[in-house]
A.B. asks: 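Supplied in structure tokens, the structure appears directly below.
Proteins come first, then strands; the chains are lettered A, B, ... in the order of their sequence lines, and each starts at number 1. As the structure is a prediction and not an experimental result, all values here were calculated from the model.
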Amino acid sequence: MNVTGIVFANDGTLGDLTEKRTMASLPYGGRYRQVDFALSNLACAGIHRVGIVTRHNYQSLMNHVGSGEEWGLEMEEGGLEYLTPYSSSRTSDYRGKLESLHAAMSFLEYGNDDYVIMIDAAILSNVDLLKVINAHVESGKDITVVTKSGIADGRRQLDLAIKLDSKGEVKDVAVDYAAPSDYEASMDIFVLSRKWLITQVKEHIARNLYHMDRDLVLGLWKKKQATLNVYRFGGVALCNDTVLEYFQNNLALTQKEIREDLFGRNHPIYTKVRDRVPTFYGENSLVKNCSVADGCMLGGSVANSVLFRQVTVYPGASVKNCVIMNDTVVREDACLENVILDKDVVVRPGTKLIGTATNPIVVKRGEVV
Amino acid sequence: MDKLSVPLTKRLKELNTMYFQKKRCIAMLLAGGQGSRLKVLTQNTAKPAVPFGGKYRIIDFPLSNCVNSGIDTVGILTQYQPLELNEYIGNGQPWGLNKSQASAQVLPPYERNDKKNGWYKGTANAIYQNIAFIDRYEPEYVVVLSGDHIYKMDYADMVAFHEKNSAACTIAVRDVPLEEASRFGILNTNPDGSIYEFEEKPKHPKSTNASMGIYVFNWTILREFLIADEEDEASSNDFGKNIIPNLLNAGHKLMAYTFNGYWKDVGTIDSLWEANMELLGKDPEFDIRGDEKTRIYARNSALPSSYLDEHAVTENCFIAEGSEIYGTVRHSIISTGCMVGQGALVEDSVVMPGTVIAPNAIVRHAILGENSKIGRGAVVGGAYAPGEKKKISVTGKDTVLEENAVLLPGEMV
């Protein structure tokens with residue numbers, strides 16, 4: 001069975017943190033970018049033809065993913081394609097997923113793959129996509145959507161929510177709706193037949209309908225023109241739509257269950273290799289309940305924090321409940337609590353920055369504070 | 001005869017020379033040694049594949065040196081337990097040696113139609129058997145390296161020195177203490193740095209210039225001497241014992257190239273342990289970190305960040321990605337994907353990748369081989385007063401120590 005993968009890079013919604021990044025290239029968990037999860041899920045399902053749909057700020061994404069060799073996508077046939085706007089004189093910036101698929105029609109129409117799997121880069125999970133694809137084929141339905149129960153509960157940002165009856169059949173579909181807790185939340189992973197999708201994209205665009213969840217899923221289901229299959233995912237699924245969620249979901253990596261599910265549920269999560277030495281812990285360092293990537297030099301005290309690669313914490317500095325990205329330096333006697341420090345930040349000696357657990361301070365990339 | 005065959009052959013020949021682009025300098029890395037003095041650590045592993053410094057293997061050092069010196073074609077001669085090494089080198093991608101004009105190629109012994117083949121009989125024979133490989137690149141210089149030393153060196157400087165002196169062969173040397181000189185190959189030199197005599201492990205050394213096992217040769221000259229050496233049935237086909245003395249006797253110019261940086265032969269348990277310990281401290285003897293020009297590259301594992309628990313104590317140590325620390329680690333190297341359980345103590349030790357130390361185990365002055373399992377409450381090694389002679393305890397790859405087991409200082413399993 002041949003499957004084409006489409007990854008949506010998603011526009012940034014995290015203010016300063018995504019000023020120059022897509023959601024896909026947002027750093028997460030010490031050594032990853034968010035897109036690593038979607039790409040690893042695809043790679044481990046043996047999917048070797050992948051398009052990445054991206055609209056703005058894709059320089060950091062292309063820099064990270066490159067030719068896709070870490071995910072087995074560096075090949076002559078198939079491999080990786082970037083599906084950017086303005087890729088031909090007839091395409092333009094897009095308003096919704098269907099419009100972006102329409103712009104990428106030549107990518108969709110090429111080849112003989114039977115199915116298309118669409119996956120958002122902004123949802124972090126370790127899913128066995130082969131099981132999802134097999135469930136789709138067995139169901140005989142038009143669209144399979146992967147969902148997670150228990151996270152709907154009036155969540156503001158929820159795009160697509162589905163209520164099932166006791167037999168597992170779809171009872172209600174809601175879009176942009178603060179759904180109650182008995183709704184399944186979409187993880188923005190869909191499986192469809194490639195030919196069916198091509199037809200639907202063309203028909204929808206012809207009628208100026210461009211919204212995937214609203215027009216294709218909800219619209220066709222309501223009109224009984226498409227059948228829906230729901231694949232309920234039982235593992236951890238994290239979504240960093242807001243700065244607070246981003247902060248909390250990073251710190252969640254200090255919990256063993258979250259780490260084990262996210263990195264060990266089905267397969268490894270691959271990322272771009274950066275050759276850095278292991279982390280060095282100094283004579284008087286005090287590092288407790290922390291997730292630490294390679295290449296750090298730690299001399300001070302660090303608690304309940306996530307440290308990315310090559311972070312330096314000088315002796316005498318104190319770091320608590322912080323997310324610190326690559327190459328940031330915290331000098332002696334600085335004191336940080338509930339702070340997100342982007343890459344290449346320098347915290348000067350003695351600086352004190354205290355945020356709160358529900359309103360962390362964000363320090364922009366390259367700043368000196 | 002058909003007329004087509006002539007242009008076709010010619011054309012193929014052209015294509016062939018295009019593919020094997022001529023190189024000024026290539027490297028041949030001798031990685032076939034058994035490393036028997038590393039005992040249980042090399043029982044099923046070639047010495048160059050032995051883990052070092054938390055996330056590296058010994059071979060990463062000469063390989064990265066090649067890449068950092070601008071040498072992009074490296075032949076790796078394997079023989080003893082090559083499986084792990086072959087897998088580790090793979091297509092050479094971690095070192096950037098997987099390009100159309102840059103490659104790392106594993107060269108095991110092979111069967112030839114003239115029967116002048118078989119196992120590599122010695123270091124010189126290993127290169128002799130791969131003359132065809134080297135000829136494809138038509139190099140002016142061949143750098144011969146060994147896969148069992150820890151150091152950072154720019155070979156380009158040495159090749160430039162070799163070229164400037166119009167030497168047939170240049171050998172890297174370092175100054176060793178006189179009392180240790182009889183353990184090395186010693187090169188006696190004239191005031192201008194040219195070599196007049198080579199003595200393998202002399203009882204009464206005349207100088208302290210020890211060979212580091214790093215050679216630069218003019219390929220045309222080396223090629224000729226390799227062929228002659230192969231025809232000499234009395235020869236042990238070794239660079240130190242045969243090729244170098246033969247070059248000297250023939251009147252060729254051999255130069256000694258002095259290298260003053262850190263260099264360590266990690267051929268014994270004690271030296272392997274020491275070299276790991278020399279990475280530690282605020283101002284380490286060997287700084288494993290590096291910039292673009294001195295970085296050491298390794299095949300990376302796809303493991304998440306390491307995790308340090310609430311109860312973890314980590315002082316003066318390196319801890320690599322994928323490790324989980326619940327106990328105490330002092331003055332040690334914890335490699336990729338290890339676990340140190342709650343209440344466990346690791347001191348002055350090298351813990352190789354994938355090793356699990358169960359809660360309340362005590363590990364001191366030890367090297368724990370890859371994927372070892374140290375049972376709950378087990379005790380490995382001992383403590384020493386400063387200056388006291390330390391005996392290193394060692395577990396081999398995949399060793400399991402039962403609960404409350406004891407491995408005495410200096411013991412190996």
A.B. asks: Judged by modelled atom types alone, do Thr294(B) and Asp291(B) share a side-chain donor-acceptor pair under 3.5 Å?
C.D. replies: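 Result is yes, a qualifying pair exists.
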
A.B. asks: Can you say whether Phe263(A) sits under 4.5 Å from chain B via the side chain, the backbone, both, or neither, judging by heavy atoms?
C.D. replies: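 When you check distances to chain B, only side chain atoms of Phe263(A) fall under 4.5 Å.
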
A.B. asks: Taking the side chain as everything from C-beta on, heavy atoms only, tell me whether Val127(A) gets closer than 4.5 Å to Met187(A).
C.D. replies: yes

A.B. asks: Test Val323(A) against every option in Leu307(A), Leu17(A), Asn250(A) by the side chain to side chain contact (heavy atoms under 4.5 Å, CB included) rule and name the one that passes.
C.D. replies: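 Considering Leu307(A), Leu17(A), Asn250(A), a side chain to side chain contact (heavy atoms under 4.5 Å, CB included) with Val323(A) is found only for Asn250(A).
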
A.B. asks: Could you tell me which of Arg309(A), Arg274(A), Met297(A) has the largest number of non-hydrogen atom pairs under 4.5 Å with chain B?
C.D. replies: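 Top count of heavy-atom pairs under 4.5 Å with chain B: Met297(A).
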
A.B. asks: At a 4.5 Å cut-off on heavy atoms, which part of Arg295(B) comes close to chain A: side chain, backbone, both, or neither?
C.D. replies: side chain

A.B. asks: With a 4.5 angstrom heavy-atom cut-off, which part of Asn300(B) approaches chain A: side chain, backbone, both or neither?
C.D. replies: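 Looking at Asn300(B), just its side chain touches chain A.
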
A.B. asks: Given a strict heavy-atom distance threshold of 4.5 Å, which part of His311(B) is in contact with chain A: side chain, backbone, both, or neither?
C.D. replies: backbone

A.B. asks: Of the listed residues (Glu321(B), Glu315(B), Glu310(B), Gln93(B)), which shares the most heavy-atom pairs with chain A below a 4.5 Å separation?
C.D. replies: Glu321(B)

A.B. asks: Find the one option among Val273(A), Leu286(A), Thr254(A) whose heavy-atom pairs under 4.5 Å with chain B are most numerous.
C.D. replies: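 Of the candidates given, the most pairs with chain B belong to Thr254(A).
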
A.B. asks: Return the option, out of Cys290(A), Gly264(A), Pro268(A), Ser285(A), with the maximum number of heavy-atom pairs under 4.5 Å with chain B.
C.D. replies: Cys290(A)

A.B. asks: Could you look at Leu303(B) and say if it's the side chain, the backbone, both or neither that has a heavy atom under 4.5 Å from chain A?
C.D. replies: backbone

A.B. asks: Against chain A, label Asp60(B) side chain, backbone, both or neither, depending on which of its atoms sit under 4.5 Å from a heavy atom there.
C.D. replies: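 Neither part.
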
A.B. asks: Between Thr279(A) (side chain) and Cys296(A) (backbone), is there a donor-acceptor pair under 3.5 Å?
C.D. replies: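 Yes; at least one donor-acceptor contact below 3.5 Å.
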
A.B. asks: Need one label for Tyr32(A): side chain, backbone, both or neither, based on atoms under 4.5 Å from any heavy atom in chain B.
C.D. replies: side chain

